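Notes to accompany the following structure.
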Amino acid sequence: DNALRLAPKTAAAHGVATGDVVSITAGAATVELPVLVVPGVADGVGGIDLGFGRVAGGERVAGFDAWPLAPRDGGRSTEASIRTTGRRHELALAQTAFDMQGRGIVLSTTLDRFRSDPDVVQRARKMPVAPSLYDHDQGAGPKWEMAIDLDRCTGCGACVVACQAENNIMPVGRDQCAMGRELHWLRIDLYRDGDQDDPVHHVEPMLCQHCDRAPCENVCPVNAAAHSPDGLNEQVYNRCIGTRYCANNCPYKVRRFNFFRYSKRFYKDKGMLWMSNPDVTVRQVGVMEKCTFCVQRIRAARFAAANEGRAVRDGEVVPACAAACPARAITFGDATRTGESPSEVVRRLRSPRAFGVLEDQNFGPSVTYLARVRNPGAEGKG
C-alpha cells in the first residue's frame, strides 16, 4: 500500500495515528488514504506516493490512487485539508522498530569530526571480548566476504529487487508480510538518531552475515545450516525439516521460511517457470531459505577459472545485489588476498570506517559495513 506520511506533531494535531484512514481534499478532488506517521517529515506537510491504486478488471489493487489530488499544471504539491473517517486500514510494515537502543547497529560520524579524529569509528566499535569454541578452520582460502559502504548507499532498494529476481524469491503478498512472513533475502533497514521531530536517518542493507561462528548452525538438528570451506553459511534445502530453530537463533533475523507452497505457480504456469533462474533451486513448503552470497555465481566463476588453469580474479564474482547497486556501495571478494595487491574487499575491510553489526556478540560476521560520514554544514543536516 501507499499511505499519507505525516510528522508526529501533524498527526497528533489531527488526532490520527498510523493506520487511521483520512479523507484528503485538494480543490474539487477527495481521496481516502491510511496514515503513516514518519518522524522527519516536515510539520504541516503530507507525502503521498503516486502510481498506486491501479484498477484491474474493475477491482482496485495495490494501494490507493492519489493522482486526482495532483495539480493540473503538472506540479507535485498543492494545499489540501484532511479529516478523519473513523475507519482503520492496517498497513503491512516489515519494520516497526527504528531505535538502536544503544547498540552499534549503524555507526556514523560527521565530516569535521572524522577529519580531526580518523579513529573515531574504531573507538566506537564494540569488539568481541571472549574467544569462541566454534571457530572454523578456514584453511588456505578463498574466504568470501562483503563490504557495504553506508556513505554510498542511498536506500533505493535496487539490491533487494535484483536479489529477488536472481534467486527465484516468491512475492508472498501484503497479508503474509503483515504477519511477519516476508520472504525476501535482503532488506533495507531504517534507523533514526536524535530528536523525533528532526531526526537523522540511517539506511542499512541487511542480509545473511555468513557468520564464521554462526548461531544458526549450532541449533540445526539435521545440519541443514552448515559452513562451507570457503566461508559461506550454507542452507541445504534437501536436509531442512522446517524446525525454524535457525531463524529463532539468528540475531539478524534474515532467515525466511516457506509457510505455503509459493512455488506452485512456477509449475502451473509454464511462462513463470521459464522466467526463473535455472541455476537456483525453487524452494518448497516447509523449507528455510536465506542469502547465499549468490553461490551459483561463485561456483560458475570457480569452474571457469579451473577450466582455464588459473585462480578466480578479483572482482570476477559479482553477486546480484552488487551488480544492481547504482552507487557501487557493495564490494565482494576473497578476504584472504592480503598481499601486496590486496583484493578490493580487503581494502575496504581495512578502512578506518569499517565495523560489523553486533560484532561484540562474537558471531564473526562476514559482512563489514563502512560507517556513514555526514556533512551537516553542507546542506541542511547531511
Side-chain angles (χ1 to χ4, degrees), residues 92 94 144 146 157-188 205-211 214-228 230-300 317-324 332 366-367:
W144 302 106
M146 179 178 287
C159 55
V160 178
V161 177
C163 177
Q164 186 144 353
E166 169 77 14
N167 294 292
N168 301 331
I169 303 173
M170 306 294 173
V172 299
R174 72 174 304 278
D175 292 341
Q176 291 300 305
C177 286
M179 297 175 66
R181 294 178 176 179
E182 62 271 12
L183 208 59
H184 47 271
W185 295 356
L186 172 60
R187 66 177 189 264
I188 305 294
M206 182 54 61
L207 64 160
C208 175
Q209 304 288 291
H210 292 268
C211 305
C216 58
E217 297 174 10
N218 303 325
V219 296
C220 180
V222 292
N223 202 33
H227 217 76
S228 75
D230 49 358
L232 300 185
N233 173 245
E234 296 180 322
Q235 181 67 26
V236 185
Y237 303 131
N238 285 343
R239 292 180 186 167
C240 183
I241 59 174
T243 64
R244 292 181 283 165
Y245 294 163
C246 58
N248 290 334
N249 222 36
C250 175
Y252 305 98
K253 299 306 171 189
V254 288
R255 305 179 74 87
R256 304 298 183 216
F257 186 70
N258 283 267
F259 283 90
F260 298 101
R261 199 175 299 277
Y262 303 115
S263 60
K264 65 183 180 182
R265 72 189 68 177
F266 274 107
Y267 300 105
K268 294 177 66 175
D269 186 338
K270 293 297 183 182
M272 290 293 292
L273 179 62
W274 289 110
M275 286 171 60
S276 66
N277 185 348
D279 295 328
V280 180
T281 303
V282 178
R283 281 76 59 190
Q284 292 295 313
V285 63
V287 169
M288 189 67 67
E289 58 183 73
K290 53 96 197 178
C291 164
T292 65
F293 272 169
C294 284
V295 65
Q296 67 277 4
R297 296 192 177 198
I298 295 175
R299 299 293 179 256
V317 181
V318 183
C321 55
F332 187 77
S366 293
V367 178

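The analysis underlying the following values was restricted to heavy atoms, covering all of them including side chains, and did not include hydrogens, waters or symmetry mates. From a predicted model like this one, the values you see are computed outputs, not experimental measurements.
Taking the six-membered ring where tryptophan is involved, the planes of Phe332 and Trp144 are essentially parallel, since the angle between them stays under 30° and well short of 60°.
With hydrogens and angles ignored, the 3.5 Å screen pairs no side-chain donor or acceptor of Asn168 with any backbone N or O of Val282. In this structure a side-chain-to-backbone donor-acceptor pair under 3.5 Å is present from Asn258 to Val287. Side-chain atoms of Lys290 do not come within 3.5 Å of backbone N or O of His184 as any donor-acceptor pair. With hydrogens and angles disregarded, a donor-acceptor distance shorter than 3.5 Å links the side chain of Arg297 to the backbone of Val318. No donor-acceptor pair closer than 3.5 Å links the side chain of Arg239 to the backbone N or O of Val222. Put simply, the side chain of Glu166 never gets that close to the backbone of Gln164: no donor and acceptor are under 3.5 Å apart. With Asn277 contributing its side chain and Asp279 its backbone, the two residues share a donor-acceptor pair below 3.5 Å.
Distance check, rounded to the nearest 0.5 Å: CZ of Arg181 to CZ of Phe259 gives 4.5 Å. Between the CD atom in Gln284 and the OH atom in Tyr262 there is a gap of 12.5 Å [rounded to 0.5 Å]. Atom NE2 in His210 sits 9.5 Å away from atom NE2 in His227 (nearest 0.5 Å). Atom-to-atom distance recorded for Tyr252:OH and Cys216:SG is 11.0 Å, nearest 0.5 angstrom. The CG atom of Asp230 sits 6.0 Å away from the CD1 atom of Ile298 when rounded to the nearest 0.5 Å.
The ring-ring contact (aromatic ring centres under 6.0 Å, His included) check on Tyr245 picks up nothing, with sequence neighbours excluded.
Side-chain contact between Ile169 and Arg256: absent, with no pair of heavy atoms (C-beta onward) separated by less than 4.5 Å. Within the 4.5 Å cutoff, the side chain of Leu207 has heavy atoms near those of the Phe293 side chain. Residues Val254 and Met206 meet the side-chain proximity criterion, which asks for heavy atoms closer than 4.5 Å. Residues Met146 and Pro319 form a side-chain contact, since some pair of their non-hydrogen atoms from C-beta on lies under 4.5 Å apart.
Gly157 and Ile188 make their closest contact through CA-CG1, 4.3 Å (heavy atoms, listed as atom of the first residue, atom of the second, distance). Residues Asn248 and Lys253 approach most closely at O-NZ, 3.2 Å, considering heavy atoms. Looking at every heavy atom in both residues, Glu182 comes nearest to Val172 through CA-CG2, 4.3 Å. Across all their heavy atoms, Met288 and Cys246 have their closest contact at CG-SG, 3.7 Å. In plain terms, the two heavy atoms of Cys159 and Cys321 that are nearest each other are CB-CB, 3.7 Å. What you find for Pro215 and Asn249 is that their closest heavy atoms are O-ND2, 2.8 Å.
Remark: of the listed residues Ser276, Cys291, Cys294, Cys294 is the sole one forming a side-chain contact (heavy atoms from CB on, under 4.5 Å) with Asn167.
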Run the numbers on Leu183 and Glu289 for side-chain contact (heavy atoms from CB on, under 4.5 Å), then give the verdict.
-> CA-CA 8 Å; Leu183 208 59; Glu289 58 183 73; 4.0 Å; yes

